[in-house]
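Down below is the structure, laid out as structure tokens.
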Number of protein chains: 4
Amino acid sequence: MAASAASLKEKYQRILDAAVEVIAENGYFNSPVSAIAARAGVADGTIYLYFKSKDDVLRTAIDASFNRFHQQVLEQFETITDPREQLLYIAQVHLDTSTADRNMAILMQTEVRQSARFIAEFSHHHLVKYIQLVREVIRRGQSQGIFRKDVSDGIVAHCMFGAIDELLSSAVFTGRIYDAKTTAAQVLNVLLNGITSGREHAS
Amino acid sequence: MAASAASLKEKYQRILDAAVEVIAENGYFNSPVSAIAARAGVADGTIYLYFKSKDDVLRTAIDASFNRFHQQVLEQFETITDPREQLLYIAQVHLDTSTADRNMAILMQTEVRQSARFIAEFSHHHLVKYIQLVREVIRRGQSQGIFRKDVSDGIVAHCMFGAIDELLSSAVFTGRIYDAKTTAAQVLNVLLNGITSGREHAS
Amino acid sequence: MAASAASLKEKYQRILDAAVEVIAENGYFNSPVSAIAARAGVADGTIYLYFKSKDDVLRTAIDASFNRFHQQVLEQFETITDPREQLLYIAQVHLDTSTADRNMAILMQTEVRQSARFIAEFSHHHLVKYIQLVREVIRRGQSQGIFRKDVSDGIVAHCMFGAIDELLSSAVFTGRIYDAKTTAAQVLNVLLNGITSGREHAS
Amino acid sequence: MAASAASLKEKYQRILDAAVEVIAENGYFNSPVSAIAARAGVADGTIYLYFKSKDDVLRTAIDASFNRFHQQVLEQFETITDPREQLLYIAQVHLDTSTADRNMAILMQTEVRQSARFIAEFSHHHLVKYIQLVREVIRRGQSQGIFRKDVSDGIVAHCMFGAIDELLSSAVFTGRIYDAKTTAAQVLNVLLNGITSGREHAS
DNA sequence: AATGAATGAGTGTTCATTCAT
DNA sequence: AATGAATGAACACTCATTCAT
């Protein structure tokens, strides 16, 4: 019975993993359900015992991935309180997570943006949450006098996400390996330097 | 005869424009060739007189768009020589172009990232050229003593592209209107502040 | 043990009833076995312990229903002997049965006619028995001098069945409620009038 | 060009004919679109150039068939005015049409009643028109004093349709050949005898 | 050059039936 | 006896591409 329960769980997860793998390789529209099923080692129909539709599989995988990220950040925020360190931590986890699950990173870099609207709109929610997280940190830093007050928290947040996302994307496409900690440090070095109070640009 | 040649040119361009429009609206995989043909006011088969395949249409459209961007930047670099102003100019044109051709911007934000490998890999070339352009500017600034030398030109270049691209992406998804000049100024304000010499972060 | 046997019987019948219900609602081809199982409160697989196939369930249900009808008529024929009254009785039971088990009536009016040959051909047997029953009554009436001898017993039998069946069908489709006794009387009024001896039509 | 137009018309009709044939043989739900296409000698996809859906093919075929019937009756009613002869004519055309297009007759006897609700409900409209046609004739006969006034025109109409329909059905299933004129005469003989004025049944 | 009818391979999803538990 | 997870064949419909006109 324990075996049965385990096997149930296992199959659900196997389908999710297979989907991420196959879709990362070929793209959502070029990944027939039958290919996902084959990779997972189940029959085509079995997918529909665990998921409502092909879309549902992808949605679930993305959801889970983002939630893990979000969860991890929130937990650590209880011990890390300095806004600069918080931003650094977000960048690190962002890059780390993607290193750990390369397929999911590819998938996020490709499908998530793509015009399969159902996914794009849905995954936009996650992005919004990410951006909000960063904006709050920045506003806190501004009110503490750490960050310049003459830059928009929204713009900075988008810049930070965009910069890291682009580095990831580039690494994904070129297959380059990077060190999450070092890379995060470099990006934040520039960014923090740019927004730290008392160094306003005279343009 | 002149009319015939003109009409040829015209039809070729009409198909490209129609493709960008339709694909921006519905996504590549949800845009039948027949829909593109209808929008262009030609028969389905006619598309294949001008292009090898559906892919080829999209590829050509993206090529043309990027080349226009690249051309414009290179031309202006003959009169703008200060590295800081050059970066600002790139950012402005990047945002401007996307404002001017909203459909192409949508398409770039969605399809281009998509794992339809043929496009993703292909459009990566354009990105590489963009990044190289920026890196050269940064290295020039570093050798002139304007920019800090302790940051990687590659990372900064990716950050700059990523930041702008993400702002665009966000604007595209939310339908928000932005002012290209102001937005470019804000991003560059942070970035230049972050990499300007003599302000090294003490982390 | 008695309980077990009862439960066996019970489950068998529950499946039959559920099948008639579900199929009457959605049609044979739109009624998954799983829906029948759910309605019967058993597992999908259980159905195959009692029946050979989905077809078999429907066949059995129709068989039972017709046999009840046939049985009832034969029993009553021991006390009703006048051919005219016998025909009236058949018509009444035909309509009555369908009123009492509306779902079965719907099912007979729809699935039974359907070209799912296995059913159509099979249920044709029942119709043949019905027609023969009526023909015998008519021939008896003819030999007793009650009915005209210049009309084919076969044709009259088909007419009678067809007339009643069509009234039923119409009632089923429109959802109209009818009074079995009155309706039977009206049909037989016309029919008996038409075949009663001494009133030959002069056409 | 004439050939092209003819071929167009031809293909449309070939698909309709093939559909009626195949569906008459196997039933709607057991007739894959591919089988219809094969019978018509076209590719599967071609069906969808001429019809919106599989349903649409069947609907169109039934529509055309009934409309031919209805048309023929209405035309002849301009020269036949006696209610008795009108009823006889309807019966004859009903049986004739079905003899001429045996497949359509089978199809009407099977699919049309079937719980594929989309068809059942749709074809019900045709039946209603048929019944109304007959009812009007009967009411005219009643007001002219030819037919008894103590029987419901609706019930008689349903009886007439049901009787003929059942004879047809029986012939279809058994493969029996019948003579439309003779059969119609026999049914009407009974029916007219039953409803002719001055012969009220004394029940 | 231009057309658009025709093709047929390809895909998401359903469901009757089986079988290990 | 009973379950229900698993199977995989089947099917309606779409669409990129071709080619006769």
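Scope of the values below: all heavy atoms of this structure, side chains included, with no hydrogens, waters or symmetry mates. Order of the sequence lines fixes the chain letters, A, B, ..., with proteins taken first and strands second; residue numbering starts at 1 for each chain.
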Among the nucleotides F/dC13, F/dA5, E/dA2, whichever has the atom closest to the side chain of A/Leu49 is F/dA5
Note to self: With a 4.5 Å cut-off on side-chain heavy atoms, are B/Arg102 and B/Ile106 touching?
What the structure shows: yes
Rounded to whole Å, CZ of B/Phe51 lies from P of E/dA1 at a distance of 13 Å
Taken to the nearest whole Å, CD1/D/Ile36 to C1'/F/dA10 is 15 Å
Any strand, both distances under 3.5 Å, Watson-Crick or G-U wobble: F/dT21 pairs with E/dA2
Of the listed F/dT17, E/dT3, E/dA6, the closest approach to the D/Tyr50 side chain comes from E/dA6
Rounded to whole Å, the CG-C1' distance (B/Asn30 to F/dA16) equals 15 Å
ask   = Should C/Lys54 be listed as having a side-chain N or O under 4.0 Å from OP1 or OP2 of E/dT17?
value = no
Closest to the 5' end of DNA chain E, once C/Ser53 and A/Ser31 are matched to their nearest nucleotides, is A/Ser31
Closest of E/dA1, E/dA5, E/dA16 to the C/Val33 side chain is E/dA16
Under a 4.5 Å cut-off applied to non-hydrogen side-chain atoms, are C/Val57 and C/Ile23 in contact? no
Note to self: Does the structure place the NZ or CZ of D/Lys54 under 6.0 Å from the centre of the six-membered ring of D/Tyr48, at an angle of no more than 45° from the ring's axis?
What the structure shows: no
In whole angstroms, the gap separating P of F/dA12 from CD1 of D/Ile15 amounts to 15 Å
Ignoring hydrogens and angles, state whether a donor on the side chain of B/Asp56 or B/Tyr50 is under 3.5 Å from an acceptor on the partner side chain. no
Quick note, A/Pro32 side chain, CB onward, closest among F/dA16, E/dT11, F/dT3 is E/dT11
Whole-Å distance, D/Asp44 CG to E/dG10 P, equals 14 Å
Atom CG of A/Asp55 and atom C1' of E/dT11 are separated, to the nearest Å, by 13 Å
Testing E/dT7, F/dA6, E/dA5 for proximity to the side chain of D/Val42, the answer is E/dT7
- Verify the distance criterion only: is there a donor paired with an acceptor across the side chains of B/His126 and B/Asn67 at less than 3.5 Å? no
### Query
For E/dT7, does either OP1 or OP2 sit under 4.0 Å from a side-chain N or O belonging to D/Thr46?
yes
Here the distance between atom P of F/dA5 and atom CD of A/Glu10, to the nearest Å, is 16 Å
As its Watson-Crick or G-U partner within any shown strand, both distances under 3.5 Å, F/dT14 has E/dA9
With a 4.0 Å cutoff (strictly under), does any side-chain N or O of A/Tyr48 reach OP1 or OP2 of F/dT7?
no
D/Phe29 CZ to E/dT14 P, in whole Å, measures 15 Å
Winner on side-chain proximity to A/Lys11, out of E/dG4, F/dA6, E/dT13, is F/dA6
